[in-house]
Structures are given as C-alpha cells and as structure tokens.
Amino acid sequence: MKKSGKWSETRSVLRLLWTCEPRYLLTFIPQVLLSSLFDVLLVYFPKLFIEQLESGKAYSDIALAIGLYIAVTFAIRTLGAWLGSKNALYMERFSRSIQMQAGKITMALPLSDMEGAKFSDKLAMANNATGIADALDILRRIFSNALTILSLSVIVTRLDAVFILTVSAVLGLKVWFVWLTYRYREKRRKAYAANNRKGNYLDGMAYFNPGAAKEIRINKIEPWFMSKVTDFREEMLGLQYGDFGRNTLFECISAVIMAVQSFVILYVLSGKVFAGTIGIADFTMFFSAVTKLSVALSAIVSDIGEYNRKRLYVSDFLSLRKQETPTRTKDTPAPGQTDIVFENVSFRYPNTETFVLKNINIRIPTGETLSVVGKNGAGKSTFIKLICRFYRPTEGRITVGGVDIHEIGDAEYNALISAVFQDYQNFSLTLRENVLLGKQEEDLAGLMEDVGLSDLVSRLPNGMDTYLLRRFDSDGVELSGGEGQKLAIARAVYKNAPILILDEPTAALDPKAESEIYERYFNIAKNKTTIFISHRLASTTFTDKIALFDNGEILEYGTHEELMRQNAMYATLFRIQSSAYQVNS
C-alpha cells in the first residue's frame, strides 16, 4: 500500500480512538515522555556516579546522588505503571467498542453481502481489528523510541562519526529484513484467514455444538471428523512453521550483525580510553548510549514492521466500515394498507446467471392468507426473502400499500413484518426473553395458551423465566422440535405486525400436530396478511388463496376448490399427499 495510505489509516485509527476512548490519548504523551526520559537517565547517571567516585568526593555526596537517582527512577516507574494500567483499561474498553461496531456493521448489512466465503474471510480478518489496540500500543513505543533516539544521538555525535555509521549500517539491514517480512506476511494473512475460518467452524462443531455432537456420536464418525480437525491443524502448523523458520533466520542474522556492531563499538571506545581521549566515566556513558541507541533503532524498525502487520487488519476493519449497503432514494413512512404486489419481478442471486424467479406478478390483499407451495427449488423461499427485503429484485419491483418496499424506512418496514423461518433460531435466554426480544412485556399467559405452550410453562420450575439449554443455567430446558417452533411462532405473533410469514414452520411435525398448529395460528392471526410456505399441503385448506410455484414461476393461482377443479399439478400433489396421510394414520 502507498505511504499516503499508511498515514491515512493511522489518522483514521487516531480519529476512531479519539471518538471512542479519548482518555487514552490524554495519557499517551506523558507515557512517551516518561519512557524516553527513563532511557536517558539510565545512560547519564552511571557516568555521574563514576565521576564522583574517581574525584574522591565524600560518601554523603555520592549517597545523595544515588538517592536522587532511586527517587527519580521510582517516581518515573510508579507514574509509568499507573499510566500503563489506565491505558490497559482504556484499550480494553476501546477493543470492546470496536467489536460492537463490527457487530453493528455486519447486522446492518444486507443478507446478500454476507453470503459466500469471500465475505467470511474478510470478516475474519476484520475481526482481528480488535488488534487496533495493539497497533496503538506499538505507535506509542515508536514515538517513545524516536524521542529516545533523538536524545541519545545528541550524546553519541559528540564522540565519533564511526558510531553513527556503524549504527546506520545495522539499521539499514534491519529495515531491509522488516520490509521483506512485511511483504511476506501481507501475502500470508489471507491464507491464515481462510484457515482460521475453517478451523473455527470445525472446532465449534466438534466441541460446542450439541446438535453436531449428536450427529457425530450416532453415526460414529469421530475418527473421520477428527481427521478433518487434524488436517486443519496440520495445515495451520505448516503455515506457522514456515513463518517460524523464516523469522528465525532473520533473527539469527540480526544477532550476528548486532554482535559485530558491539565489537566495533567496544574496540573504538577502548582505543580512545588508552589514548587518553576519554575516561572510564565517558566510556561507560558512550557505550551505554550507543548500545541503547542501537536497541532503540532496532526496536523502532521492528515496531514499524509490526505496526504495518497490524495496520493490514486495521485496513480490513476500515474497509468493513465502508461496506456499501443499498441506498434508498428516500425513507417513505410505512403505508396504512398492507397490500403486497409483485410487479414483473425476476431475480437471480449475485454472481449467478440463472433466474430463480421469473416474471412474478401477484397481489396479496390486506388481511388475505396465502399458501405458497411447490417442489424443492421452485423459488418459494426466494419469494419470501424478497418480501423480507433480504435481497432486491433483479427486475421489477415489490410494493406494500402502493409504495416500493425499498423506499420505506428500515424501522417502519421491519415493524410491518413478523416471520418464522424454517431455520428459526431460539436463543439461549429465558422463554420470556425469547418472546419479548427486548419489548415491553404485556400478558404472555394467553399467548402461551394460544400457541399450545401453557402446559409446558406450568411444568417448568421457573416458568417463563426458565433458560433454554444449559449454556447459562444448569436448570435450563431443551425444547422439542415442535415446542421450539411454537416458541418461534409465539415470538412472531407477539410482535403484532400486520404481515405474518411462516417459511416451513411445521417441517419437523407430524401431520396431526401440524394441523393443530395451523388451526391455532389462524385463530391468532385473524385480520392479518399471512403467507405460508409448505411442502405439505395441509395448510392450503385453511388459506384464502394458493400460489403453486414451479421452476421460478407461478404455475397455478386460486382457491383450493378452484385449483382442485383445474385438476392440474396442485390437484395431483394434494391427492398424493392426502392418500399418504390416510395410510400413515
């Protein structure tokens, strides 16, 4: 990346820090000054002691100087420790703020932007941007070492230019090594991100996912699954060992160069002592100054290289913040009516050529119940995703109450829709929290009765305050598939939105239980616009209209009686399923 880009990102980081945690910057400068002052004192005070000893000064004078040295260094260390603890606190808060920002950004992104390995890799790298705190600490060390180098250079240049030339040569080699390492790491970080994504998934499945634990045990696939975990770890170790070997080589070469530098410095200084140019006190000061100068120069180059590595993650985070989201020309208020109209809507998923929906035209009047049926892959779930505004139509438009849904404000549109998806998610929180989701509580007893969960709640020791699963409470309860779906439905109903969507809500239930839930739900959802998706056709007899999807198109549309009279695909599927239910009953 260009130099201007590096400075731009550094400024962005500092602005971000000032916005989130300005108190860190208020302690930043004192910490830099104290650190540099401490290094200079370590160089100067030994010279002072030796000179006093050589001059034969009284012990009380020497003791006073030693006491002053101890008092100053104690004060610097104490104040530095206090500032360091404050900085650590501020950095922890800053890191959490960054994590929250990353979470808010990803939750605000459209679903279409979050699907695919490319975004997952990018998000994995951006998550490492919590290392911005590390980058800031590195910046502090860079400024501190720069100030130390400036102070010590004034001392060293008073003696001999050979020292400056020697130190500069070592510095040049160190800069070259750091540049090579930076280029290498920039190439490797994407490999690490992809590997970590795979490893986090496998570890989560192997150790922290109860559903996966059941699948692994019932199918006795522990060796097979653990071989995948082993393959991931061997791949990661291969990356790490490669980096370890490269870094070790550079460090060994640097150590040899530093040893040669120390030899040259000692040789020249010793010659000056024997020549009478400098005394033992000056020898000690100059040697300490040159040694510390070399260490500071080496450290600052290493820190710049490390900062560049951290800056790569900062760049990913800043890129995530700039992630484009679809913009609306205006935030139109939600309409009073909730008629849903598809006008010549076609859709294909990003980076694909095949249309999943083709020229869909349908009107769902306010208060109507619609069953969306069809074979797998017919386009039913995509139809729902478009209504939920997870994606934009590739062609055509969708309106609610005559207003394009992508021009309605987010809060206003989300208030219009409640949904229960096939892959619904209940949270490891209390039953009450799973229903309320942060809303003001009203009477939940009637709702639990309506969805068929009142008996379950009455049996639980903590009632509605019982936790799901045992992640946070050892007395937590694990719901059955049907109970979990009823809880998800209760949550959708409690939202009290005028449009209700159920995407395969009863897939895990038997036909009798499914029919019971539909009957309960339709009693609850009276006067609301309701859309059902189901492979089974038990819901169709309850609904006002039916839309049969096939190959991305609406092949049949009408009431149950109308479609049965047409005696086409819907009638055939309904008869097949009805006969199967009768046999199984």
Side-chain angles (χ1 to χ4, degrees), residues 1 5-39 73-108 122-149 178 181-182 185-186 189 192-193 196 200 243 247 295-296 298-323:
M1 182 172 288
K6 297 179 183 179
W7 284 113
S8 175
E9 287 167 2
T10 301
R11 289 195 300 269
S12 297
V13 170
L14 292 175
R15 282 197 299 267
L16 189 62
L17 179 62
W18 180 254
T19 301
C20 299
E21 200 60 50
R23 284 175 291 186
Y24 177 86
L25 292 178
L26 297 178
T27 59
F28 182 91
I29 295 176
Q31 204 171 13
V32 167
L33 294 174
L34 286 173
S35 178
S36 178
L37 177 62
F38 187 75
D39 288 336
T73 53
F74 175 77
I76 291 175
R77 285 183 178 275
T78 302
L79 184 56
W82 182 81
L83 289 172
S85 64
K86 284 292 184 181
N87 279 345
L89 173 63
Y90 299 150
M91 278 299 94
E92 178 65 23
R93 292 171 58 167
F94 178 66
S95 294
R96 292 186 180 278
S97 176
I98 291 296
Q99 288 175 324
M100 288 187 64
Q101 285 194 41
K104 288 180 179 178
I105 291 167
T106 53
M107 283 192 287
K122 186 175 182 179
L123 187 59
M125 290 188 288
N127 282 337
N128 288 326
T130 53
I132 290 176
D134 297 332
L136 289 166
D137 191 55
I138 294 169
L139 275 179
R140 180 188 59 78
R141 296 203 304 265
I142 290 173
F143 287 131
S144 179
N145 281 321
L147 189 57
T148 298
I149 290 168
V178 169
T181 302
Y182 166 72
R185 284 176 172 174
E186 189 173 15
R189 70 193 185 99
Y192 274 106
N196 282 330
N200 291 338
D243 291 348
N247 293 337
V295 171
S298 180
I300 200 171
V301 172
S302 297
D303 284 340
I304 290 172
E306 184 67 11
Y307 177 74
N308 279 332
R309 186 173 73 85
K310 296 291 184 182
R311 184 186 57 78
L312 296 174
Y313 295 117
V314 173
S315 175
D316 289 322
F317 177 73
L318 295 176
S319 176
L320 181 68
R321 293 182 77 200
K322 295 176 183 177
Q323 186 81 18

Fill in the blank from the handout: Note: S144 and S35 closest approach over all heavy atoms is OG-OG, 2.8 Å
Exercise for the section: Check L147 against L33 and note the closest heavy-atom contact, atom names and distance. Expected result: CD2-CD2, 3.7 Å
[atom2] on [Y] to [atom1] on [X], rounded to 0.5 Å:
X: Y90; Y: R23; atom1: OH; atom2: CZ; result: 5.0 Å
X: N145; Y: D39; atom1: CG; atom2: CG; result: 7.5 Å
X: I29; Y: L83; atom1: CD1; atom2: CG; result: 12.0 Å
X: W82; Y: N87; atom1: CH2; atom2: CG; result: 9.5 Å

Problem - Results of salt bridge (Lys or Arg N to Asp or Glu O under 4.0 Å) for R140 - residues two or more places apart only - result: D137
Practice task
State which residues pass ring pair (Phe, Tyr, Trp, His ring centres under 6.0 Å) with F143; sequence neighbours excluded, sorted by chain then number.
Solution key: F28
